[in-house]
Amino acid sequence: AATGTRRAIVELAIPKSRNVVTAPKKRAFHWTEESVLEFNTLYAKANRRVVSRVIVDVSDREFSAELPIPNLVQSETGDYDLRVFYETPDSYGLGSRTITVK
C-alpha cells in the first residue's frame, strides 16, 4: 500500500447562484494602487464562498466528519453546496450535493 496523505476535505459553500456580490458599473480601469486594491477586494469577496470546512484523516477509504454549521441569520439560510474532496496516495475523488440549511 502506498504511504502519504490520506484525507478528506468537507466544505459547506454558498452556491454560485446565490452570489450577492455585484461589480460596479463598467468603467475605465486605471492602474492605481487604489483601483487595484478595489479590484482585488471585490474579487476575493466574490470568490469567498466557503462558510465551513473540516479536514479529516481517511483510513480504509471510509471516513466520517462533523461539519460545524455557523449561526446564520434568516436571510443566510437556504440551499448550500456540501462538497467533499477525497485524497489518498493511490486514489482521489470529489463530489457535491445541495443541502438546505434552516
Side-chain angles (χ1 to χ4, degrees):
T3 60
T5 301
R6 305 177 75 80
R7 67 182 183 169
I9 302 169
V10 183
E11 297 179 337
L12 183 67
I14 299 168
K16 285 183 182 180
S17 62
R18 281 206 359 232
N19 189 342
V20 295
V21 176
T22 55
K25 293 184 179 189
K26 197 169 188 174
R27 63 181 192 262
F29 182 81
H30 301 286
W31 283 99
T32 65
E33 187 174 327
E34 182 181 346
S35 63
V36 170
L37 178 60
E38 179 184 351
F39 174 82
N40 288 340
T41 301
L42 180 66
Y43 183 85
K45 187 176 179 183
N47 288 292
R48 191 178 306 122
R49 297 176 40 224
V50 175
V51 295
S52 184
R53 173 185 290 140
V54 294
I55 300 173
V56 295
D57 292 329
V58 174
S59 62
D60 299 324
R61 297 185 183 203
E62 293 184 14
F63 67 92
S64 64
E66 290 187 25
L67 185 64
I69 306 296
N71 290 329
L72 302 171
V73 296
Q74 183 64 34
S75 63
E76 296 174 318
T77 61
D79 289 347
Y80 281 80
D81 293 332
L82 179 63
R83 307 186 301 201
V84 178
F85 306 91
Y86 174 88
E87 173 188 21
T88 70
D90 54 0
S91 66
Y92 65 91
L94 55 97
S96 68
R97 169 167 285 205
T98 300
I99 64 168
T100 301
V101 177
K102 297 180 179 182

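Predicted, not measured: the structure shown is a model, and the values here were computed from it. Values below: all heavy atoms of this structure, side chains included; hydrogens, waters and symmetry mates excluded.
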Selection residues 31-45 - residue pairs positive for salt bridge (Lys or Arg N to Asp or Glu O under 4.0 Å), sequence neighbours left out: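 Only R27-E38 qualify under salt bridge (Lys or Arg N to Asp or Glu O under 4.0 Å).
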What heavy-atom pair brings [X] and [Y] nearest, and what distance separates the two atoms?
{"X": "S52", "Y": "P68", "value": "OG-O, 2.5 Å"}
{"X": "V10", "Y": "L67", "value": "O-CD1, 3.6 Å"}
{"X": "V58", "Y": "A8", "value": "CG2-N, 3.4 Å"}
{"X": "R6", "Y": "T88", "value": "NH1-CB, 4.1 Å"}

Within the 4.5 Å heavy-atom criterion, are [X] and [Y] side-chain neighbours or not?
{"X": "T77", "Y": "K102", "result": "no"}
{"X": "R53", "Y": "I9", "result": "yes"}
{"X": "F63", "Y": "D57", "result": "no"}
{"X": "T98", "Y": "D81", "result": "yes"}

Can you check side chain to side chain contact (heavy atoms under 4.5 Å, CB included) on F85 and R83, steps first, answer last? CA-CA 7 Å; F85 306 91; R83 307 186 301 201; 4.1 Å; yes
Answer yes if [X] and [Y] sit in the same cluster of Ile, Leu, Val, Met, Phe, Trp and Tyr residues linked by side chain heavy atoms under 4.5 Å apart, and no otherwise.
{"X": "L82", "Y": "I69", "value": "yes"}
{"X": "V50", "Y": "I99", "value": "no"}
{"X": "W31", "Y": "F39", "value": "yes"}

